Protein chains: 2
Amino acid sequence: MNIKEASEKTGVSSAAIRYYEKELLIPAIDRTDVGNRDIDDRIIRRIQFVTQMRAAGMSIENLRRYIQLFDAQEDNAKEQKTILKTQLAAMEEKRDDLQSAIDHLNYKLNHFYDHMETTEEELRELERQHAEKATDDETSEGDGYDNR
Amino acid sequence: MNIKEASEKTGVSSAAIRYYEKELLIPAIDRTDVGNRDIDDRIIRRIQFVTQMRAAGMSIENLRRYIQLFDAQEDNAKEQKTILKTQLAAMEEKRDDLQSAIDHLNYKLNHFYDHMETTEEELRELERQHAEKATDDETSEGDGYDNR
DNA sequence: CCTTGCCTTAAAGTGCACATGAAGGGTTAA
DNA sequence: TTAACCCTTCATGTGCACTTTAAGGCAAGG
């Protein structure tokens, strides 16, 4: 598969794929006899992984750090787990912030005022809902996996 | 309250507050006799609203569009709602993408392989969990508010 | 033979969201 | 009155994550 097909398959531009390769986010790609990239499904999956993590707000820098530990093939499982856990915590916080923002906009949508100020009452109401949810959550403290 | 105190109170830099004012994300701020900004709680709340929406991935451009419709005080409730709904949909998709990424990393953390490739089995497993969740969700289709 | 259309690399450009610096003014404290 | 901080505007710089451009190579079709 050439780079254009890979681009169409993943929705990532050809330039971005070259950029990811250069930045070591994906492995060095095999070349044809004339030097063109020949992309297989393993690379496609790596591109998709990068895309997913990028969409989730993981920086190129952090992604590279994480991936390079794997590629170094050493006894670094602990460090890899640390990076994963750090990133997970950041992503979960981001998800919760996002949910708060969603709640806030939903509130505005449902109690549609003629002004855009977030009033004291509105803040109290959002706070009330937040507290309610927190007590709900206490009853379902999971195993840390799939903890939406 | 001067700009430095407002900065400390909101965690937004003085430069960023000036930038938000210039970009019309917050109202024009009152000045003291010598021309210094005098920031009150209404402005503080607007800054916090901006911060929350920024953290949720709303662009300066979209925020300005939304806010200016309110400030124009016209018959634009419908358009405001449209913008809110569009942004909400984007945020909910982002939240779901984020959750998928969290699931993916949790999977890696719980089934810790010696390689970083996302295998076919892993993809199937993630897909299976996703399908499972989807059928779960059918049983609790809410009113569109607080639909985490 | 020439155009079309794909590819290559390297370098420079872009857009966003601020951060930083220059040049200057006001207020308080030793 | 000199320094230490606060503030102002305006202009320029910065970091990230690409995108675009430049300059060229290879292969097929008319």
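Throughout, a chain's letter reflects where its sequence line sits, starting with A, and its residues are numbered from 1. If you're wondering where the values come from, they're calculated on a predicted model, not measured in any experiment.
Salt-bridge formation is detected for the pair Glu61(A)/Arg64(A): a Lys NZ or Arg NE/NH1/NH2 atom is positioned less than 4.0 Å from an Asp or Glu carboxylate oxygen. Salt-bridge check for Arg54(B) with Glu23(B): failed, with every basic side-chain N at 4.0 Å or more from each acidic carboxylate O.
Within 4.0 Å of Arg18(A), counting heavy atoms only, lies at least one base atom of the nucleic acid. Looking at heavy-atom distances under 4.0 Å, Ala16(B) makes contact with sugar-phosphate atoms alone, never a base. Ser59(B) comes within contact range of the sugar-phosphate backbone alone, with a heavy-atom separation under 4.0 Å but no base atom that close. Among the atoms of the strands shown, only primed sugar atoms or phosphate atoms (P, OP1, OP2) are found under 4.0 Å from some heavy atom of Arg54(B). Ser14(A) comes within 4.0 angstrom of nothing in the nucleic acid, heavy atoms only.
An OP1 or OP2 oxygen of dT8(C) is reached within less than 4.0 angstrom by no side-chain nitrogen or oxygen of Asn36(A). Within the 4.0 Å cut-off from OP1 or OP2 of dT19(D), at least one side-chain nitrogen or oxygen of Ser13(A) is found. Note on Tyr20(B): a side-chain N or O is less than 4.0 Å away from OP1 or OP2 of dC18(C). Of the side-chain N and O atoms in Arg37(A), one or more sit less than 4.0 angstrom from OP1 or OP2 of dT9(C). For the OP1/OP2 pair of dC26(D) and a distance below 4.0 Å, the side-chain nitrogens and oxygens of Arg31(A) include no atom meeting the criterion. Taking side-chain N and O atoms only, Asn2(B) has a distance below 4.0 Å to OP1 or OP2 of dC7(D).
When the shell of 6.0 Å around CD of Glu8(A) is examined, it contains more than 12 heavy atoms from other residues, nucleotides or ligands.
The separation between Glu21(A) atom CD and dC18(D) atom P is 15 Å, rounded to whole Å. Atom CG of Asp30(B) is separated from atom C1' of dC7(D) by 16 Å (rounded to the nearest Å). Rounded to whole angstrom, the span from the NZ atom of Lys4(B) across to the C1' atom of dA19(C) amounts to 17 Å. Between Lys22(A) atom NZ and dA10(C) atom P the separation is 8 Å, expressed in whole Å. Asp38(A) places its CG atom 14 Å from the C1' atom of dC6(C), with the value rounded to the nearest Å. Distance, Ile17(A) CD1 to dT19(D) C1': 14 Å, rounded to whole Å. Taking atom CD of residue Glu61(B) and atom C1' of nucleotide dT14(C), one finds them 16 Å apart after rounding to whole Å. Summarising the geometry, the separation between CD on Glu23(B) and P on dC18(C) is reported as 10 Å, rounded to the nearest angstrom.
Asn36(B) places no side-chain N or O within 3.5 Å of a backbone atom of Thr32(B) that could act as its donor or acceptor partner. At least one donor-acceptor pair closer than 3.5 Å links the side chain of Asp40(B) to the backbone N or O of Ile43(B).
Between His104(A) and Phe49(B), the angle of the ring planes goes over 60°, which puts this pair in the perpendicular group of the 30/60° scheme.
The side chain of Tyr19(A) has dC18(D) as its nearest neighbour among dT8(D), dC18(D), dC26(D).
Mapping Ile60(A) and Asp33(A) onto DNA chain D by nearest heavy atom places Ile60(A) at the nucleotide closer to the 5' end.
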